[in-house]
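Heads up: the structure comes next, in structure tokens.
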Amino acid sequence: MRKAYALPAVAIAAAFPLLTMTAASAHEGAHSYQASLGSVNASGVTGTGMVTLDGNTATVMIEASGLLAGAPHAQHFHIDALGTCPTNDLADDADKDGFVSVTEAAKYYGAIGTSLTTSGDTSPESGLAIDRFPAAESGSISYERTFEVTDDVHAAFEAGTAVLVLHGVDKDGSGAYDGDVKSDLDPSLPMEATAPAACGGFEVAQMGAAPAGGAETGAGSTAGTENTAAMGVGALAAAGAVAAGAVAYRRRQADQA
Ligand SMILES: [Cu+2]
């Protein structure tokens, strides 16, 4: 009797062309990724990154604070390494110059895949185009841009090896990029200008995840675990707010089109 219901796929497609189209679009639809930025080089920088990839069209949003105010902060997608970040202390300072440099961090987060500039070219060649990176007025960055990424960057997001990195840290608290240590990327620049300040690996965004369920999980365990769970929920809620903003923004754009 079961065989009577087993319609060939072709027959289903013929009978329900709209259904199959919907299934196809859902499969190829946009995917969202989120990164929670943690400090590197004891910068105190925190923030979030949200990326929606529709094919190779990326809508990128970054919110970060605690940065050296009024100074350019290079920001990139780094790709094709472990998809992780260096520690926030000097454990990864292999050459003991007092900084976790880009070179020392690369084993975690890889090379530049995309330069998150405010205008123009977004290739790795613009990696230090400091006149086209956010200047962090008041120490904060609120960045949003839609542009095309390359196939290797898209693949890195799918593979879980895409990492958001913000650079530039005022290690000596002088209020400017200076100091005797020179950048490992460009010896004409101080290390402070290029050392990573914040880093976060991208994960698939938990769109529509219920934070209440996460909170329940912590109930009944130790206080420490509850705190950890609460912090996790807070991070998710923050990321969810960013995601909701992205949806609202896209709707506004759609309305205007
Ligand atoms: Cu970078």
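Treat the numbers as computed from the prediction; the structure is a model and nothing was measured. When a ligand or atom number is given, it counts from 1 through the structure's own listing order.
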- Query: Would you call the rings of F202 and F157 parallel, tilted or perpendicular if under 30° counts as parallel and over 60° as perpendicular?
  - Reply: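 The arrangement is tilted - the two ring planes meet at 30° to 60°.
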- Message: Show, in sequence, the C-alpha distance, side-chain angles and deciding distance for K107 and L82, and conclude whether the side chain to side chain contact (heavy atoms under 4.5 Å, CB included) test is met.
- Response: CA-CA 7 Å; K107 64 180 178 181; L82 301 177; 5.8 Å; no
- Tally of protein N/O/S atoms under 2.8 Å from the Cu ion (ligand 1)?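 Excluding waters, the total comes to 3.
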- Query: Between H76 and F133, is the ring centre distance below 6.0 Å?
  - Reply: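 Yes, close enough.
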- Query: Among all residues two or more places apart in sequence or in another chain, which pass the side-chain contact (heavy atoms from CB on, under 4.5 Å) test with T87?
  - Reply: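 So T87 forms a side-chain contact (heavy atoms from CB on, under 4.5 Å) with D89, A91, D92.
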- Task: Only counting residues at least two apart or in another chain, list the ones meeting side-chain contact (heavy atoms from CB on, under 4.5 Å) with A111.
- Result: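 For A111 there are no side-chain contact (heavy atoms from CB on, under 4.5 Å) partners, ignoring immediate neighbours.
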- Query: Going by the ring pair (Phe, Tyr, Trp, His ring centres under 6.0 Å) test, which pairs reach into residues 103-126, not counting sequence neighbours?
  - Reply: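 Residue pairs with at least one partner in residues 103-126: H78-Y109.
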